[in-house]
Novice: 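Take a look at this one; I'll ask things after.
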Amino acid sequence: MRTRYAPSPSGTLHIGGARTALFSYLFAKHHGGKFVLRVEDTDRARLVEGSESALMRSLQLLGIQWDEGPDREGSLGPYRQSERLALHQHYAAQLLEKGLAYRCYCTPDELKALREARMAQKLPPRYMGTCRQRSADDPIHTSRQPYVVRLKVPLDGVTVVDDLIRGPVTFENGLLDDFVIMKADHTPTYNFAVVIDDWGMQITHVTRAEEHLSNTPKQILVYQALGLELPQFAHIPMVLAPDRSKLSKRHGATAVEEYLEQGILPEALVNYLLLLGWSAPDGREFMTVLEAIPLFTLDRVQHTAAVYDQKKLEWMNAQYLKDLPVEHVATAVRPFVEKLGINWGQGSTLEEGVALARERSHTLVDLAHAMRFLWQKPDAFDPKGVQKHFGAPEVSSRLQALADALKQAESTWTHDEIAETFDRVAETLEIKRAALIHPCRLALTGTTVGPGLFELVQVLGQQETVARLRQVATDLQQESLKVIQP
RNA sequence: GACCCCAUGGUCUAGAGGCCUAGGACAUCACCCUUUCAAGGUGGUAACCCGGGUUCGAAUCCCGGUGGGGUCACCA
């Protein structure tokens, strides 16, 4: 049992591609098989520098590990299509020799004219050129004119794709044309190379996106011409954008990399992707890739294209953010914190910050912002908050009193002790505790939202808390407070 | 346009003829909790595309329509 994922290195790993790879991987692993990564790089014009390694990095981050691939040579390589050219040419020559394929000398212009003529007659744009009829001793064969190789497709009969997900799908051969298998530059086309390579790599189950279903009869015809045994096929439904169209740049983030940059954890992303088109028998939603292996079967794969939902992805990310070990999240959020120019080496630790703020963050970006105040004192204050909580003339003296009381507090600095201090000060000033809490939060963080105040104060530390309160109390008195949206 | 696939709330889905008064999750709305914001809890709104069959009985089977998607390259 062997499956494969065969991307072309022309860009980044798409979430649709990631899901196809995930399903192929899970399917193979469920059956104790091997998962192969093959890079389809025959089209040199579309090749993007660095794309291959980016693709591999994304897959690995998601926990989709291949058993064989360009960087893990097995016995059935090479695993880059461009390095298999000799194989493709060999089989093409074989088909030519047997008379199952032929050289076609028609120019692109001629083909275009033919196609348009057939379109005008409302006929399918099928190649009906003259080259199919040429005899072996036709002088054109020695003319050194460029040519392509076309497969001789049967004029009648049907080709049936026995799809593991959809059942038998019948195509009429008469509707297919003599498609090109080798281009004029002597490199193979996709529909030819894919057959040679899948066969060569002993792929038993070709699992791929649904967009390939219509290509499959052509490939079956190649298998048959070559006398090769057919693999099984399984076409996985596509992932669509919210407007039900094919995913593209204008839909915002579509690449795995982009989601990770947005602060989505790879664990959450792959879990979300798993739920797009597949569901566990018991309806469970949260699981790792490894946990999904024993549960994953093709009969539970949806037949319908799925529309991805950013909201649910973020919700799932938030769940992971608060359930994963603190150290793990701290490591993940670190680059995001550093990106904000925060020097977190002093004072509170990253772990303390994560524990404090993760429950109300949806992404690592949110989390980094929510932790910011621990290392950077507010240089501006939320205007609405200022209006609401700094308006009263006695706020300055209250904060001062609070600072004094906290300064006196025991060095143990526990949550309960801090809470009691607030209660005591409120009582002394004969105000409600909330009248102290809100201005204090604003003074300490610059905003009106955030973690529970006593936890926040505890993590921020006695010294820093007192210093910030005094600073704000002074600024308020001197009316030198900067009120700018932070 | 031709061919192919598909069709349960806004979204992801459960459902393989009676267990369905159609279940869950996200989103949404209300309320509760509360030092803010979240989180959490409770409850609510919301779906079997339409039309014909088959059957005692259909979300489930068949046919047609409609709608959505895919493929029709010397791209993969």
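The chains referred to below are lettered A, B, ... by the order of the sequence lines, with proteins before strands, and numbering in each begins at 1.
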Novice: Under 4.0 Å from OP1 or OP2 of B:C4: is there any side-chain N or O of A:Thr170 that close?
Specialist: no
Novice: With a 4.0 Å cut-off on heavy atoms, is A:Glu359 in touch with a base, just the backbone sugar-phosphate, or nothing at all?
Specialist: base
Novice: Taking A:Arg46 first and then A:Asp43, would you say they form a salt bridge - that is, a charged N and a carboxylate O separated by under 4.0 Å?
Specialist: yes
Novice: Which one, B:U11, B:U35, B:C75, comes nearest to the side chain of A:Asp309?
Specialist: B:U11
Novice: Is the distance between the ring centroids of A:Phe296 and A:Phe23 under 6.0 Å?
Specialist: yes
Novice: Could you check A:Glu210 against A:His415 and say which one's nearest nucleotide on RNA chain B is further toward the 5' end?
Specialist: A:Glu210
Novice: If you compare every side-chain N and O of A:Lys246 against the phosphate oxygens of B:U71 (OP1, OP2), does one of them come in below 4.0 Å?
Specialist: yes
Novice: Nearest to the side chain of A:Asn215, which nucleotide is it out of B:C12, B:C5, B:C72?
Specialist: B:C72
Novice: Less than 4.0 angstrom between a side-chain N/O of A:Ser279 and OP1 or OP2 of B:A14, yes or no?
Specialist: yes
Novice: Please state the C1' separation for the pair B:C26 and B:C61 - nearest whole angstrom.
Specialist: 33 Å
Novice: Would you indicate what A:Gly385 reaches in the nucleic acid, counting non-hydrogen atoms under 4.0 angstrom: base, sugar-phosphate, or nothing?
Specialist: nothing
Novice: Describe the nucleic acid contact of A:Ala184 in one word from base, sugar-phosphate, nothing, applying a heavy-atom distance below 4.0 Å.
Specialist: base
Novice: Between B:U8 and A:Gln302, is there an OP1 or OP2 to side-chain N/O distance shorter than 4.0 Å?
Specialist: no
Novice: Compare the minimum distances between each of B:C75, B:U36, B:A25 and the side chain of A:Arg360, then state the nucleotide with the smallest one.
Specialist: B:U36
Novice: Strictly under 6.0 Å, is that where the ring centroids of A:Tyr190 and A:His212 end up?
Specialist: yes
Novice: Pick base, sugar-phosphate or nothing for A:Glu314, based on heavy-atom distances below 4.0 Å to the nucleic acid.
Specialist: nothing
Novice: Check every strand shown and say whether A:Phe171 touches a base, only sugar-phosphate, or nothing at a heavy-atom separation below 4.0 Å.
Specialist: sugar-phosphate
Novice: Taking the same atom, C1', in B:G68 and in B:U8, what whole-Å distance lies between them?
Specialist: 15 Å
Novice: Looking at the side chain of A:Lys311, which of B:G24, B:C6, B:C26 is the nearest nucleotide?
Specialist: B:C26
Novice: Have a look at A:Gly450 and say if it touches a base, only the backbone sugar-phosphate, or nothing, with a 4.0 Å heavy-atom cut-off.
Specialist: base
Novice: For this output row, return yes or no: ring centroids of A:Phe454 and A:Trp413 closer than 6.0 angstrom.
Specialist: no
Novice: Among B:A76, B:G40, B:C6, find the nucleotide with the atom closest to the side chain of A:Glu40.
Specialist: B:A76
Novice: Below the 4.0 Å mark, does B:G15 have OP1 or OP2 next to a side-chain nitrogen or oxygen of A:Arg300?
Specialist: yes
Novice: Which is true for A:Lys432 with a 4.0 Å heavy-atom rule: it touches a base, it touches only sugar-phosphate, or it touches nothing?
Specialist: nothing
Novice: Could you work out the separation of B:A59 and B:A7 based on their C1' atoms and round it to a whole Å?
Specialist: 11 Å
Novice: Please check this pair: side chain of A:Arg441 against backbone of A:Pro451, looking for a donor-acceptor N/O pair closer than 3.5 Å.
Specialist: yes
Novice: Looking across every strand, which nucleic acid part, if any, lies under 4.0 Å from A:His212 by heavy atom: base, sugar-phosphate, or nothing?
Specialist: base
Novice: Decide side chain to side chain donor-acceptor pair (under 3.5 Å) for A:His415 and A:Glu455; before the verdict, give the C-alpha distance in whole Å, the side-chain angles of both, and the deciding distance to 0.1 Å.
Specialist: CA-CA 6 Å; A:His415 175 280; A:Glu455 292 89 76; 2.9 Å; yes
Novice: From C-beta outward on A:Arg433, which listed nucleotide comes closest to its side chain: B:U11, B:U35, B:C3?
Specialist: B:U35
Novice: Would you mind telling me which of B:A39, B:A76, B:U8 lies closest to the side-chain atoms of A:Thr304?
Specialist: B:U8
Novice: Measure from the side chain of A:Arg46, starting at C-beta and using heavy atoms only, and say which of B:C5, B:C75, B:G70 lies closest.
Specialist: B:C75
Novice: Choosing from B:U36, B:G70, B:C74, which nucleotide comes nearest the side chain of A:Val180?
Specialist: B:C74
Novice: Taking atom P in both B:C49 and B:U42, what distance in whole Å separates the two?
Specialist: 31 Å
Novice: Mind checking A:Leu275 for me? I need base, sugar-phosphate or nothing, with any heavy atom below 4.0 Å counting as a touch.
Specialist: sugar-phosphate
Novice: By the 4.0 Å heavy-atom rule, please label A:Ser8 as base, sugar-phosphate, or nothing.
Specialist: sugar-phosphate
Novice: Taking any heavy-atom pair under 4.0 Å as a contact, classify A:Thr42: base, sugar-phosphate, or nothing.
Specialist: sugar-phosphate
Novice: Counting side-chain heavy atoms from CB outward, which of B:C12, B:U35, B:G69 is closest to A:Lys312?
Specialist: B:C12
Novice: With heavy atoms under 4.0 Å as the rule, sort A:Thr448 into base, sugar-phosphate or nothing.
Specialist: base
Novice: Determine the contact category for A:Pro217: base if any of its heavy atoms lies under 4.0 Å from a base atom, sugar-phosphate if only primed atoms, P, OP1 or OP2 are that close, otherwise nothing.
Specialist: nothing
Novice: Verify the contact: side-chain N or O of A:Lys183 to OP1 or OP2 of B:C75, cut-off strictly under 4.0 Å; return yes or no.
Specialist: yes
Novice: Is A:Arg103 positioned over the aromatic face of A:Tyr147, cation under 6.0 angstrom from the ring centre and no more than 45 degrees off axis?
Specialist: yes
